[in-house]
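Working notes for the structure below.
Computation of the quantities below employed the complete heavy-atom set of this structure, encompassing side-chain atoms and omitting hydrogens, waters and symmetry-equivalent molecules.
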Amino acid sequence: MRGIIAGRFSLAALLFALVAWSASAAGNNIDRSAASTVAESRFAEVGDLQLEYFQFGDDGTPLVFVQDHHDYFRLEEAQEWAEFLARFSDEFRVVAPVRRGWGRSDDPGYGYGIETQARDILGLLDALGIERAIFAGRTMATQEMLW
């Protein structure tokens, strides 16, 4: 079972790297003056928290992009981030959780360790009825995904 999980994680990491590379290469061609908006956020009750998340596409295998130390939807590059995630929505149900204390997710003032953050992600998946998913992320997110 660990081999299957590791294989899928490696596949997701490779997929993420390839698409990130192609998105950055194509990034110079994005029309930054286009009148489009960042996707609307959604909320889910996870334990005693309300967590914000973004979703692109409603069908397909769930693909969860776990944020690291950034709230990508509040950065200057929010539009590019939304466009990047939307590229996967033809084939995947893309879910991008916003960590507790970030964005419009609740900030209880505690629970910022790896285990608690991982449980938040699992709680969000439970709230959304997602039993299995592919995960992608970097830095701090990789620890939570492995937990």
Side-chain angles (χ1 to χ4, degrees), residues 5 8-9 11-147:
I5 293 170
R8 287 188 177 180
F9 180 75
L11 178 62
L14 176 61
L15 173 69
F16 181 74
L18 289 173
V19 173
W21 173 77
S22 68
S24 65
N28 295 329
N29 298 325
I30 294 173
D31 180 3
R32 298 185 194 310
S33 65
S36 57
T37 59
V38 174
E40 289 185 37
S41 63
R42 301 176 184 193
F43 294 89
E45 297 295 323
V46 177
D48 59 349
L49 297 177
Q50 184 172 349
L51 292 182
E52 181 180 25
Y53 70 97
F54 290 80
Q55 182 169 306
F56 302 86
D58 293 317
D59 298 319
T61 301
L63 176 59
V64 181
F65 282 92
V66 182
Q67 77 180 67
D68 50 29
H69 292 290
H70 300 85
D71 180 357
Y72 295 105
F73 294 98
R74 304 297 183 273
L75 295 174
E76 185 176 314
E77 299 85 13
Q79 183 62 43
E80 286 90 358
W81 180 242
E83 290 171 0
F84 170 73
L85 293 179
R87 291 179 185 188
F88 293 96
S89 65
D90 288 342
E91 189 173 343
F92 298 96
R93 175 184 176 189
V94 179
V95 176
V98 178
R99 294 179 178 281
R100 64 172 58 204
W102 291 84
R104 295 188 299 167
S105 289
D106 287 345
D107 184 358
Y110 64 88
Y112 302 101
I114 293 167
E115 180 179 347
T116 306
Q117 296 283 343
R119 289 185 185 278
D120 285 350
I121 294 167
L122 292 174
L124 175 63
L125 297 181
D126 287 344
L128 298 178
I130 297 173
E131 294 181 21
R132 300 178 74 176
I134 298 171
F135 292 86
R138 64 186 190 114
T139 66
M140 178 179 166
T142 60
Q143 296 175 35
E144 295 159 11
M145 291 184 298
L146 289 174
W147 184 91

Any donor-acceptor pair under 3.5 Å linking the side chain of Q67 with the backbone of R99?
-> yes

Sorted by chain and number, sequence neighbours left out, side-chain hydrogen bond (donor to acceptor under 3.5 Å, both in side chains) with D59 holds for none

State which residue, out of D58, T61, I130, L63, fulfils the side-chain contact (heavy atoms from CB on, under 4.5 Å) condition with R93.
-> I130

Test item: T116 and W147 side chains (from C-beta on) under 4.5 Å apart, heavy atoms = no

Closest contact, heavy atoms only, S89 versus G57 = CB-N, 3.7 Å

Could you walk me through whether I134 and F88 pass the side chain to side chain contact (heavy atoms under 4.5 Å, CB included) test, one step at a time?
-> CA-CA 12 Å; I134 298 171; F88 293 96; over 6 Å; no

Residues at least two apart in sequence or cross-chain that pass side-chain hydrogen bond (donor to acceptor under 3.5 Å, both in side chains) with Q143, listed by chain then number, are none

Donor-acceptor pair, R100 side chain versus Y110 backbone, under 3.5 Å?
-> yes

Side chains of L49 and P108: does their closest heavy-atom pair fall under 4.5 Å?
-> yes

Please lay out, stage by stage, how D107 and Y112 fare under the test side chain to side chain contact (heavy atoms under 4.5 Å, CB included).
-> CA-CA 10 Å; D107 184 358; Y112 302 101; 2.2 Å; yes

Between G137 and T142, which heavy-atom pair has the shortest distance, and what is it?
-> O-CG2, 3.8 Å

Please state whether the rings of F56 and F54 are parallel, tilted or perpendicular, taking 30° and 60° as the class boundaries.
-> parallel

Could you pull out the closest heavy-atom pair between E144 and A118, with the gap in Å?
-> O-CB, 3.6 Å

Side chain to side chain, F43 and R104, heavy atoms closer than 4.5 Å | yes

Heavy-atom side-chain proximity of V95 to L124 below 4.5 angstrom = yes

Step through the shown structure and confirm whether more than 12 heavy atoms of other residues, nucleotides or ligands are within 6.0 Å of CD on E91.
-> no

What are the two closest heavy atoms between L125 and V64, and how far apart are they?
-> CD2-CG2, 3.8 Å

Would E115 and R119 satisfy salt bridge (charged side-chain N to carboxylate O under 4.0 Å, His left out), going step by step from the backbone distance to the final call?
-> CA-CA 6 Å; E115 180 179 347; R119 289 185 185 278; 3.0 Å; yes

Backbone N/O of E52 and side chain of Q50: donor-acceptor pair under 3.5 Å | no

